[in-house]
Amino acid sequence: MFTYFVHRVLVMIPTLLVISILTFIIIQLPPGDYLSNQLEELKSQGESASALAKIAFYREQYSLDKPLIEQYAIWMGFWPGPNGFSGMIQGDWGQSFAYDLPVREVIGDRLGLSFLINFSTIVFIYIVAFPIGVYSATRQYSIGDYGFTLVGYLGLATPNFLLAMVLLYYANVYFGISIGGLMDDKYVDQPWSFDKALSIMDHMLIPVIVIGTSGTASMIRRLRANLLDELQKQYVTTARAKGVPRLKALVKYPIRMSLNPFIADIGNLLPDVISGSVIVSMVLSLPTVGPLLLEALQNQDQYMAGSLLMFLALLTVIGMFVSDVLLAVLDPRIRLSGGATK
């Protein structure tokens, strides 16, 4: 198991390296860049020489006048730039040209809040989907099964932004929960405290439900289908024929075997949750990285966009790693594959 764990950690390094190359290529694909656009705009408006000199300074400071390969190496910190070895791997995420601030300062607490919302959403999905999926599979074609199937279809068919607006209205009217944001206004820009954490927990309820609804519905359907397939296999019939109690015959193998695809979805769930949370974050005015990423891509703010894309890629790779480790713990055949011989 330790060898498998180390192998998976080592695989993450070249994976992230390839993703960083693809990310850099993607953010360079649109013609021009933020500074070029600003330069043309300033020239057309006849702005002062100081503004033009500032843009020229940024272009030189961040080596935007050098070949793309060298720009990538400097951005990642593999090659010395004007400030020496100072790039992503050294913790320097560059400058946001649109905000005229370092990317790290612009993002601030948004990374932590985004991670908190997405992690809570995934926990919500699994806590809700697992018991309902097992119930629907073991009581196939019952009233409860039909009811949960209907709710699942509604969850898949309802747009997240529409559900967000409906829940916001009823939460405010009947429960007095404030609309929008992830905390009360008095805690914004305040240091962390117990009351601030409580305020965030209070405001997280609706975003987690909204973002997790479609994921929960699809997860219920997948677990139900997997468990139904396992329950119809011969070993389950044999166990029941030998007098094994129903609950034991269910828990010992069928549920365990049906969990493989359930756990394997962790890696896929993270990017789905993050991409699905962008519109919800804009509707609910959530201070997450989703709206920032959209704004950075529209403005061609390359260091901001590149840093956020790398953060999302890191979350995805971590999700795949957690998924692989849990699968290896659940099913020893997985960690032996590739090294086992007959």
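As the structure is a prediction and not an experimental result, all values here were calculated from the model. Just so you know, these numbers use all the heavy atoms, side chains as well, and skip hydrogens, waters and symmetry mates. Numbering of residues begins at 1 and proceeds along the displayed sequence.
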Taking [X] for its side chain and [Y] for its backbone only, find out whether a donor-acceptor pair lies under 3.5 Å.
{"X": "Ser323", "Y": "Gly319", "value": "no"}
{"X": "Ser307", "Y": "Trp93", "value": "yes"}
{"X": "Ser199", "Y": "Lys196", "value": "no"}
{"X": "Asp92", "Y": "Met88", "value": "no"}
{"X": "Ser114", "Y": "Val289", "value": "yes"}
{"X": "Glu70", "Y": "Pro67", "value": "no"}
{"X": "Gln90", "Y": "Gly77", "value": "yes"}
{"X": "Asp301", "Y": "Phe97", "value": "yes"}

Please tell me if the side chains of [X] and [Y] come closer than 4.5 Å, counting only heavy atoms from C-beta onward.
{"X": "Leu309", "Y": "Phe24", "value": "no"}
{"X": "Val106", "Y": "Met304", "value": "yes"}
{"X": "Leu312", "Y": "Leu293", "value": "yes"}
{"X": "Asp100", "Y": "Gln95", "value": "yes"}
{"X": "Leu68", "Y": "Ile25", "value": "no"}
{"X": "Ile74", "Y": "Pro80", "value": "no"}
{"X": "Ile200", "Y": "Leu116", "value": "yes"}

> For the atom pair CE (Met165) and CD1 (Ile206), what is the distance rounded to the nearest 0.5 Å?
Replying inline: 13.0 Å

>> If I take atom CG from residue Leu294 and atom CG from residue Leu308, how far apart are they, to the nearest 0.5 angstrom?
In response: 11.0 Å

Check this for me: [X], atom [atom1], are more than 12 non-hydrogen atoms of other residues, nucleotides or ligands nearer than 6.0 Å?
{"X": "Tyr235", "atom1": "OH", "result": "yes"}
{"X": "Ile69", "atom1": "CD1", "result": "no"}
{"X": "Ile143", "atom1": "CD1", "result": "no"}
{"X": "Met201", "atom1": "CE", "result": "no"}

> Does any donor atom in the side chain of Tyr99 or Glu105 lie under 3.5 Å from an acceptor atom in the other side chain?
Replying inline: no

> Do we see a donor-acceptor contact under 3.5 Å between the side chains of Tyr146 and Gln140?
Replying inline: no

> Does the side chain to side chain donor-acceptor pair (under 3.5 Å) test come out yes or no for Gln28 and Tyr72, once each step is laid out?
Replying inline: CA-CA 10 Å; Gln28 295 290 340; Tyr72 167 76; over 6 Å; no

> Any idea how Tyr135 and Phe148 line up, ring-wise: parallel (<30°), tilted (30 to 60°), or perpendicular (>60°)?
Replying inline: perpendicular

> Are Ile89 and Trp75 co-members of a hydrophobic cluster defined by side-chain heavy atoms under 4.5 Å apart?
Replying inline: yes

>> Taking Arg224 first and then Asp145, would you say they form a salt bridge - that is, a charged N and a carboxylate O separated by under 4.0 Å?
In response: yes

> Checking ring-ring contact (aromatic ring centres under 6.0 Å, His included) for the pair Phe130/Tyr126: CA distance, chi angles, key distance, verdict?
Replying inline: CA-CA 6 Å; Phe130 181 76; Tyr126 278 80; 9.1 Å; no

